[in-house]
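Reviewing the structure listed below.
Below, chain A is the first sequence line, B the second, and so on; all start at residue 1. Scope of the values below: all heavy atoms of this structure, side chains included, with no hydrogens, waters or symmetry mates.
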2 protein chains.
Amino acid sequence: MGEKSGLGFDMRMRNIRKNKKEFSGRPVTSQRKLLLSLIKKAGGHISAKELYGRASRKNESISLATVYRTLQLFKELGLVQERRLGQVYCHYEVKESTDHQHLVCRSCGKVTEFESLPIRKLVERVGRDHGFNISKIELYMEGNCQQCNREQDQF
Amino acid sequence: MGEKSGLGFDMRMRNIRKNKKEFSGRPVTSQRKLLLSLIKKAGGHISAKELYGRASRKNESISLATVYRTLQLFKELGLVQERRLGQVYCHYEVKESTDHQHLVCRSCGKVTEFESLPIRKLVERVGRDHGFNISKIELYMEGNCQQCNREQDQF
DNA sequence: TTAGATGCAAATCATTTGCAATGAA
DNA sequence: TTCATTGCAAATGATTTGCATCTAA
């Protein structure tokens with residue numbers, strides 16, 4: 001319900017084709033479309049719980065289990081990347097062509113992305129030197145961001 | 001019970017003084033002594049569950065809650081470091097003067113440590129460039145180790 | 001003697017799973 | 001129609017907590 005779009009026929013067909021491709025033949029359900037669009041809209045990172053919260057506002061009957069199952073699927077399809085930024089729970093982000101790493105603020109939790117080719121090159125070299133066939137590099141720093149530092153200085 | 005040591009008086013006093021210092025004045029219980037020695041003996045990394053298993057063999061009544069509470073305390077005292085190596089659960093290791101990072105094998109779970117000053121310098125620089133006051137750097141790579149690669153090739 | 005530590009069981013929290021009902025193709 | 005997906009509730013697995021009891025100092 002609520003799925004009758006105001007788009008023209010051509011546009012609807014284009015969306016269907018696009019979704020079919022993204023989901024590589026798997027059924028295109030309203031939940032999957034909603035979740036994927038919310039992740040994309042989130043820009044940076046989103047946790048399963050937060051995603052569930054936002055999805056619930058659009059489709060009140062969606063379940064947390066579906067969110068997890070869908071994230072699992074998206075991971076398998078290579079649509080999103082799972083990141084465990086030193087926390088118990090995971091963050092998910094759209095898989096970009098540009099790889100990047102993270103800076104996490106201890107105090108406000110803000111996640112800042114960065115990318116450094118020299119670092120990646122060095123890291124890959126270390127992996128090779130140890131005989132590893134590297135499939136994932138995860139680097140993150142924890143600390144206090146500029147703003148939180150400033151705010152602390154006020155006391 | 002079972003705490004009557006065969007050591008001489010001087011040695012016992014030395015141990016007590018050493019423990020008191022390590023635990024910064026907190027009560028020195030047999031559980032704490034046992035857990036700390038087991039972590040040290042483990043060398044590299046140990047998970048809470050594994051630590052509990054080993055401790056149980058020495059002191060059958062110790063509880064998992066005590067293991068977790070003690071690890072928490074050791075973290076606060078700076079005796080051990082908690083590492084979340086891309087897994088749901090944590091690994092703990094004695095806090096060494098030498099910082100290092102990790103390579104984790106996807107297939108056998110083996111954890112290899114490495115340290116690279118050039119990488120650290122680059123990473124710290126990135127943090128500073130972003131206005132962060134860095135307190136922790138965590139870098140890990142996932143992949144297949146040499147041995148697991150070889151074994152896969154056999155099939 | 002007493003504040004802090006322990007063991008136990010129950011509680012949390014993130015994530016997963018079994019199953020009957022539902023929906024996409 | 002048919003097989004994959006969904007929602008719900010119950011299960012899991014790691015970690016935490018309340019509480020009565022114990023113990024180091």
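Position along DNA chain C of the nearest nucleotide to A:Thr29 versus A:Tyr68 favours A:Tyr68 as the more 5'-ward residue. Looking at which nucleotide of DNA chain D each of B:Pro27 and B:Tyr89 is closest to, the 5′-most match is held by B:Tyr89.
Atom pair B:His91:NE2 and D:dT15:C1' shows a separation of 15 Å (rounding to whole Å applied). Residue A:Gln72 contributes atom CD, which lies 16 Å from atom C1' of D:dA4 at whole-angstrom precision. Rounded to an integer number of Å, the gap from OH of A:Tyr52 to C1' of C:dT16 is 15 Å. Look at CD on B:Gln87: it is 15 Å from C1' on C:dT15, rounded to the nearest Å. Atom CG in B:Leu73 sits about 13 Å away from atom C1' in C:dT6, given to the nearest Å. The nearest whole Å value for the distance from the CD atom in B:Glu50 to the P atom in D:dA14 is 13 Å. Taking atom CZ on A:Phe23 and atom P on D:dA4, their separation rounds to 17 Å, with Å as the unit. Atom CD in B:Gln31 sits about 9 Å away from atom C1' in C:dG7, given to the nearest Å.
Summarising the hydrophobic clusters (Ile, Leu, Val, Met, Phe, Trp, Tyr; side-chain heavy atoms under 4.5 Å, direct or chained), the residues clustered with A:Ile134 are A:Leu103, A:Phe114, A:Ile119, A:Leu122, A:Val123, A:Val126, A:Phe132, A:Ile137, A:Leu139, A:Met141, B:Leu103, B:Phe114, B:Ile119, B:Leu122, B:Val123, B:Val126, B:Phe132, B:Ile134, B:Ile137, B:Leu139, B:Met141. Clustering of Ile, Leu, Val, Met, Phe, Trp and Tyr side chains at separations under 4.5 Å leaves B:Tyr89 isolated, with no partner residue.
Side-chain N/O atoms of A:Arg26 include none lying less than 4.0 angstrom from OP1 or OP2 on D:dA4. Contact annotation: B:Thr66 side-chain N/O to C:dT6 OP1/OP2 distance is not under 4.0 Å.
A:Ile46 places none of its side-chain heavy atoms less than 4.5 Å from the side chain of A:Leu38.
Here A:Gln31 pairs with A:Thr29, A:Asn59, A:Ile62, A:Thr66 under the side-chain contact (heavy atoms from CB on, under 4.5 Å) rule; sequence neighbours left out. Qualifying side chain to side chain donor-acceptor pair (under 3.5 Å) partners for A:Arg125, counting only residues two or more places apart in sequence or in other chains: none. By the salt bridge (charged side-chain N to carboxylate O under 4.0 Å, His left out) test, A:Glu138 is found to be paired with A:Arg83, A:Lys136, residues two or more places apart in sequence or in another chain being considered. For A:Arg128, there are no salt bridge (charged side-chain N to carboxylate O under 4.0 Å, His left out) partners, not counting sequence neighbours.
Within the helix from C:dT1-D:dA25 to C:dA25-D:dT1, the inter-axis angle between the opening and closing five-pair segments is 30°, rounded to 10°.
Within residues 55-65 of chain B, the residues having any heavy atom under 4.0 Å from DNA chain D are, by residue number, B:Leu64, B:Ala65.
Screening residues 51-79 of chain B for salt bridge (charged side-chain N to carboxylate O under 4.0 Å, His left out) gives B:Glu50-B:Arg54, B:Lys75-B:Glu82 as the qualifying pairs, with residues at least two apart or on separate chains.
Checking B:His45 against B:His102 by side-chain atom types alone, a donor-acceptor pair falls below 3.5 Å.
The base of C:dG7 lies close enough to the side chain of B:Arg69 for a donor and an acceptor atom to sit less than 3.5 Å apart.
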